Amino acid sequence: MSASQTPHSEDAVYVYEAPLRIWHWVNAFAILTLAGTGYLIGSPPPAVGGEASSSFLFGWIRYLHFVAGYVLIVGFAFRIYWVFAGNSHARQIFLPPVWKGRFWKELWHEVLWYAMLVREPLKYSGHNPLATLAMHLLFVWFTIFMIVTGLALYGEGAGMDSWQHNLFSSWVIPLFGQSQDVHTWHHLGMWAIICFVIIHIYAAVREDIMSKQSIISSMFSGWRTFRGDGAPPDVH
């Protein structure tokens, strides 16, 4: 039988609802803007010649950073709401089933799969256990950390009568020791999220190619397709 005559089967399941997909891409652009402007805030560009009012370069860098930060915060608040309003996949990275032995067994299988020590991956309609735990720790909690430290730093400039100072600066800065320490940890958090994004993109592309299930396209269409042996048992 020729390759063109080889039997082919493909199943699909609707996984990611439209509000979650929109949030995903808005959040991605917000993080990209925050990382770029955050790097420039930590390592400022050379001074621009001429009257400051004619360029206001660093002011625009900070302005874009603040706008993207508030987009991230509003989006994250919506994402928490969608944990309860969305389908079961919407709550997956916020509530990983770490109390289940099967979760850890399948997580270990995914570790071996990514290390190329097993021949076939397991199929999941949503995130696999390793991705679920990684996104819970490195996305959910790191995002909370960046929001809290970012608002604490913003509260310094907004003044002692601002809600940012009263809710965040007043306790976050003393907790870390001093303002510069918060700046340092906030900057290190940026690099941690950049590393996570790189790994996230690599894993998505790798799975799309090797695991016979769509990953990247599902965040555009909402549908996850399964090639070869069909969909996992939980979608039938």
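Treat the numbers as computed from the prediction; the structure is a model and nothing was measured.
Note that the CD1 atom of I193 and the CE atom of M190 stand 9.5 Å from one another [nearest 0.5 Å]. Note that CD1 of I22 is 8.0 Å distant from CZ of F78, once rounded to the nearest 0.5 Å.
Between the side chain of N87 and the backbone N or O of A90, at least one donor-acceptor pair lies under 3.5 Å. Of the possible polar contacts, none joining the H89 side chain to the Y16 backbone as a donor-acceptor pair under 3.5 Å is found. Side chain of D208 to main chain of I216: a donor-acceptor pair is present (N/O by atom type, distance under 3.5 Å, no hydrogens or angles). Remark: the backbone N or O of G155 is not paired with any side-chain donor or acceptor of W163 at under 3.5 angstrom. Remark: side-chain polar atoms of W171 are paired, donor with acceptor, to backbone N or O of L167 under 3.5 angstrom. R224 contributes no side-chain N or O that, together with a main-chain N or O of S218, makes up a donor-acceptor pair within less than 3.5 Å. Not one N or O on the side chain of S214 forms a donor-acceptor pair closer than 3.5 Å with the backbone of S217.
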Chi angles and distances behind the side chain to side chain contact (heavy atoms under 4.5 Å, CB included) call for D181, Q178:
CA-CA 5 Å; D181 293 328; Q178 59 177 330; 3.2 Å; yes
Check step by step if ring-ring contact (aromatic ring centres under 6.0 Å, His included) holds for W23 and F76.
CA-CA 9 Å; W23 165 83; F76 194 74; 7.8 Å; no
Let's go through H127 and T132 carefully: what are the C-alpha distance in whole Å and the side-chain angles of both, what is the deciding distance for side chain to side chain donor-acceptor pair (under 3.5 Å) to 0.1 Å, and is it a yes or a no?
CA-CA 6 Å; H127 295 295; T132 298; 5.6 Å; no
Would F66 and Y154 count as a ring-ring contact (aromatic ring centres under 6.0 Å, His included) if you check the C-alpha gap in whole Å, the side-chain angles of each, and the deciding distance to 0.1 Å?
CA-CA 8 Å; F66 297 153; Y154 187 89; 4.9 Å; yes
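Between the side chains of W82 and E17, at least one donor-acceptor pair of N or O atoms lies under 3.5 Å. Side-chain contact annotation: Y124 with E106, donor-acceptor N/O pair under 3.5 Å present. A donor-acceptor contact under 3.5 angstrom links the side chains of T149 and H186, judged on distance only. A donor-acceptor pair shorter than 3.5 Å cannot be found between the side chains of S169 and Q164.
Under the 30°/60° scheme for interplanar angles, the aromatic rings of W185 and F176 are found to be tilted. Using cut-offs of 30° and 60° on the angle between ring planes, the pair F145 and F142 is perpendicular.
In plain terms, the two heavy atoms of F103 and P97 that are nearest each other are CB-O, 3.3 Å. Across every non-hydrogen atom of V71 and A30, the tightest pair is CG1-CB, 4.1 Å. Closest approach of Q213 to L122, counting heavy atoms only: NE2-O, 3.6 Å.
At a threshold of 4.5 Å between non-hydrogen side-chain atoms, the residues H183 and E156 count as touching. S211 places none of its side-chain heavy atoms less than 4.5 Å from the side chain of K123. Between R62 and T37, every side-chain heavy-atom pair lies at or beyond the 4.5 Å cut-off.
For F220 and W25, the gap between ring centers is short of 6.0 Å.
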